[in-house]
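Reviewing the structure listed below.
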There are 2 protein chains.
Amino acid sequence: MNIKQLSPDVSETQFKQQIFFALSDPGRYKIVQMLYDVGHEMGCGKLNQHVEIDKSTMSYHLRTLREAGITTTRTQGREKYVTLNVEKIESELPGLLENL
Amino acid sequence: MNIKQLSPDVSETQFKQQIFFALSDPGRYKIVQMLYDVGHEMGCGKLNQHVEIDKSTMSYHLRTLREAGITTTRTQGREKYVTLNVEKIESELPGLLENL
DNA sequence: TTTATAGTTTTATATATATCAAACTATTAT
DNA sequence: ATAATAGTTTGATATATATAAAACTATAAA
């Protein structure tokens, strides 16, 4: 018997709510969708080409996603690469990403 | 080949985003979870006993859910009964509700 | 070493959101 | 008829959010 099934951890619920919050914004929805569709990390610049928003707004949304644990960022030179934490998301909300 | 798979309708995406918005709030999350768990309609009063928030706040959240098409409300006498639109939600985001 | 580029942070602003008290509506009970 | 009950709506308020311009940081290129 899975105790998680009976009473989910508060932090798990919080993480889910953060995911929902992230996906409730059209810009962040597109970012997550794009990252999931390409299936691998993506440079901020490239992301910005596909999701058309001001670069400072983009930076704001990417920070929101990062701080929620939804994405991870890697720096190389003066560019940054963003990865969607697919496994982490899938472990809490299986099937969610493929239905965006 | 499913055209929806390739390019989801704007309104479908909007509905998903509304569901995500609804579930990003702890109060509404609990309401939806409760409605899903009981598996049938529930009186506002009973809901209010389980989800402890001010009745006017509850009314506000229930209106948010109703106007987003996430729930349906039925009036009987001076009481109101709320139903979760499970099928509608499942058709856009299958598996979501069971993972809350 | 100067300049260009990628991205962040700050600041300002407008709008959205959550909350609750108080007044209100409609229905049932006395 | 009057009072009680269930729920909504209206203010008022405090906080959160999204947006973008401008200043800033760090790295790469000239």
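Hydrogens, waters and symmetry mates play no part in the numbers below; they use all other heavy atoms, side chains included. Each chain gets a letter, A, B and so on, in the order its sequence line appears, and its residues count up from 1.
Applying the 6.0 Å contact sphere to NZ of K88(B) captures more than 12 heavy atoms from other residues, nucleotides or ligands. Other residues, nucleotides and ligands place no more than 12 heavy atoms under 6.0 Å from the NZ atom of K46(B).
One interatomic measurement links the two molecules: OH of Y60(B) to P of dA21(C), which rounds to 17 Å at whole-angstrom precision. Separating the CD atom of Q76(A) from the P atom of dA26(D) is a distance of 19 Å, rounded to the nearest angstrom. Rounded to whole angstrom, the span from the CG atom of L23(B) across to the P atom of dA18(C) amounts to 12 Å. The separation between D54(B) atom CG and dA22(C) atom C1' is 11 Å, rounded to whole Å. One atom, CD1 of I31(A), and another, C1' of dA18(D), lie 12 Å apart when rounded to the nearest Å. At whole-Å resolution of the value, CG in L62(A) and P in dT19(D) are 13 Å apart. The CD-C1' distance, from E67(A) to dT17(D), rounds to 14 Å in whole Å. Atom NZ in K80(B) sits about 7 Å away from atom C1' in dT8(D), given to the nearest Å.
Residue T57(B) has no polar side-chain atom (N or O) positioned under 4.0 Å from OP1 or OP2 of dT19(C). For the pair H61(B) and dT19(C), the criterion of a side-chain N or O lying under 4.0 Å from OP1 or OP2 is met.
Side-chain proximity of R28(A) to the nucleotides dT8(C), dG7(D), dA18(D) is greatest for dA18(D). Side-chain proximity of R78(A) to dA29(D), dG7(C), dA20(D): nearest is dA29(D). Residue F21(A) places its side chain closer to dA18(D) than to any other of dG7(D), dA18(D), dA18(C). The side chain of R66(B) approaches dT8(D) more closely than any other nucleotide in the set dT8(D), dG7(C), dT19(C).
For S56(A) against dA20(D), a side-chain N or O and a base N or O form a donor-acceptor pair under 3.5 Å.
Between F20(A) and F20(B), the two ring planes are parallel [angle under 30°; tilted spans 30° to 60°].
Note that CZ of R28(A) and CD1 of I53(A) are 9.5 Å apart. Values are rounded to the nearest 0.5 Å.
As judged by a 4.0 angstrom heavy-atom cut-off over every strand, Y81(A) is placed among residues making no nucleic acid contact. Nucleic acid contact class of K55(B) (heavy atoms, under 4.0 Å, all strands): base.
Using modelled atom types, no side-chain atom of S59(A) and backbone atom of S56(A) make a donor-acceptor pair closer than 3.5 Å.
Nearest-nucleotide positions on DNA chain D place R63(B) closer to the 5' end than the other of R63(B) and D25(A).
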